[in-house]
Number of protein chains: 2
Amino acid sequence: MTDEGVPGAGQRAPLRPTRQRRAITDALAGAEEFQSAQDIHDALRHAGEKVGLATVYRTLQAMADAGEVDVLQAPGGEAAYRRCSASHHHHLVCRECGRTVEISGSSVERWTESVARDNGFSEVSHTIELVGLCADCSR
Amino acid sequence: MTDEGVPGAGQRAPLRPTRQRRAITDALAGAEEFQSAQDIHDALRHAGEKVGLATVYRTLQAMADAGEVDVLQAPGGEAAYRRCSASHHHHLVCRECGRTVEISGSSVERWTESVARDNGFSEVSHTIELVGLCADCSR
DNA sequence: TTAATTGCAAATCCTTTGCAGATTC
DNA sequence: GAATCTGCAAAGGATTTGCAATTAA
């Protein structure tokens, strides 16, 4: 069957490989952490690539829909993006001084997957935020 | 100087019990789920309480700083609030159709506390977001 | 009386959209 | 040549802030 365009349930736009599209992909590939659309736009600027901010937003959104990037809602109403399958870890932040501790959570990863499976969900991504008082600030 | 405010580390504003402050507290007390500042503002309107939107935002923010309410970043750039100590549970959301499954996670609660303790943190609150594809949408 | 609080409107910030021109297939 | 993309600027929606009037302590 060569029918690769059969109108059905969820057929997405073709996603043509343009210069700006590639630039954005590269920017994501080069960063380990989450970045906002504007961060990426700035990075492209500094790298000499001229890409409109609207294009960055549209592309990032398309990539998110296609499951190519993970999206995280940051406080302040910004959306942050990161390429999928990056080394996964979370942060424990002090609400008083902002000190941050990087934590790995193999147990949570496992818990996440089992919960997803139990409920028939797949391709589950998780966002975990731990905020508390660090030793110094609680004294 | 009748020093009654010895400047120290983190002294917060007194937080006076005004009519609108109480109205907001009541609105939060009456709801089990997270609500946006605007949701609360609307609710107060319908309840006959006239409170400015800015006041709702300011009060909610103050309560969040004081640790009286939990804040959640909803996609779309809105912040959602819920009174603390409510029956604690999290959600598993389908990124395609929005279907939501309520999940309880005693194991995560335990994991959270141990991670916090191991790092010398206390009074840790956690926010967990699980997003994936539900059974129907992945078909 | 003093300091905190409120309302309203203007100001910000992040993100989305409309549309004409450039680009890929 | 047709369907996608882009850029720019205008539009939108949520949240913040300035400031004078109001209210609690």
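In what follows, chains are A, B, ... by sequence order, proteins preceding strands, each numbered from 1. Any value given below was found using the heavy atoms of this structure, including those in side chains, with hydrogens, waters and symmetry copies removed. Note that the coordinates shown come from a computational prediction; the quantities given were computed from them, not determined experimentally.
When distances are taken from the side chain of B:Ala37 to each of C:dA9, D:dT15, C:dT6, the shortest belongs to D:dT15. Listed nucleotides: C:dT6, D:dA9, D:dT17. Nearest to the side chain of B:Ala54: D:dT17.
Straight-line distance from the NZ atom of A:Lys50 to the C1' atom of D:dT6: 13 Å, rounded to whole Å. When rounded to the nearest whole Å, the span between CG of B:Asp65 and C1' of D:dT16 equals 14 Å. A straight line from CZ of B:Arg58 to P of D:dT16 spans 10 Å, rounded to a whole angstrom. In this structure, A:Met63 places its CE atom 13 Å from P of D:dC5, rounding to the nearest Å. What separates CG of A:Leu53 from P of D:dC5 is a distance of 18 Å, to the nearest Å. For the pair B:Gln61 CD and D:dT15 P, the interatomic distance rounds to 10 Å; values are reported in whole Å. Between the CD atom of B:Glu49 and the C1' atom of C:dG7 there is a distance of 15 Å, given to the nearest Å. Per the geometry, NE2 belonging to A:His41 stands 11 Å off C1' belonging to D:dC8, to the nearest Å.
For the 3.5 Å distance criterion, the side chains of A:Tyr81 and A:Gln61 fail to qualify, holding no donor opposite an acceptor.
For the OP1/OP2 pair of D:dA14 and a distance below 4.0 Å, the side-chain nitrogens and oxygens of B:Gln38 include at least one atom meeting the criterion. At D:dT16, none of the side-chain N or O atoms of B:Tyr57 fall inside 4.0 Å of OP1 or OP2 (strictly under the cut-off). Within the 4.0 Å cut-off from OP1 or OP2 of C:dT5, not a single side-chain nitrogen or oxygen of B:Gln20 is found. OP1 or OP2 of D:dT6 has at least one side-chain nitrogen or oxygen of A:Thr18 nearer than 4.0 Å.
The local environment of CZ in B:Arg19 is crowded, with over 12 non-hydrogen atoms from other residues, nucleotides or ligands closer than 6.0 Å.
Between B:Tyr57 and B:Leu60, the closest side-chain pair of non-hydrogen atoms is not below 4.5 Å. Contact annotation: the side chain of A:Val51 never approaches that of A:Ile40 to less than 4.5 Å [non-hydrogen atoms, C-beta and beyond]. Using a 4.5 Å heavy-atom threshold, the side chains of B:Met63 and B:Thr25 count as touching.
Scanning all heavy atoms of the two residues, the minimum distance from B:Phe34 to B:Val71 falls at CE2-C, 4.3 Å.
Between A:Arg82 atom CZ and A:Gln35 atom CD the span is 11.5 Å, to the nearest 0.5 Å.
Residue B:Arg21 is in sugar-phosphate contact alone, with no base atom involved, counting any heavy-atom pair closer than 4.0 Å across all strands shown.
Interface remark: the B:Arg16 side chain does not form any donor-acceptor pair with the C:dT5 base, using a distance-only criterion of under 3.5 Å.
Axis orientation changes by 30° from one end of the helix from C:dT1-D:dA25 to C:dC25-D:dG1 to the other, with each end axis drawn from 5 pairs and the value rounded to 10°.
The residue among B:Ser36 and A:Arg19 whose nearest nucleotide of DNA chain D is located toward the 5' end is A:Arg19.
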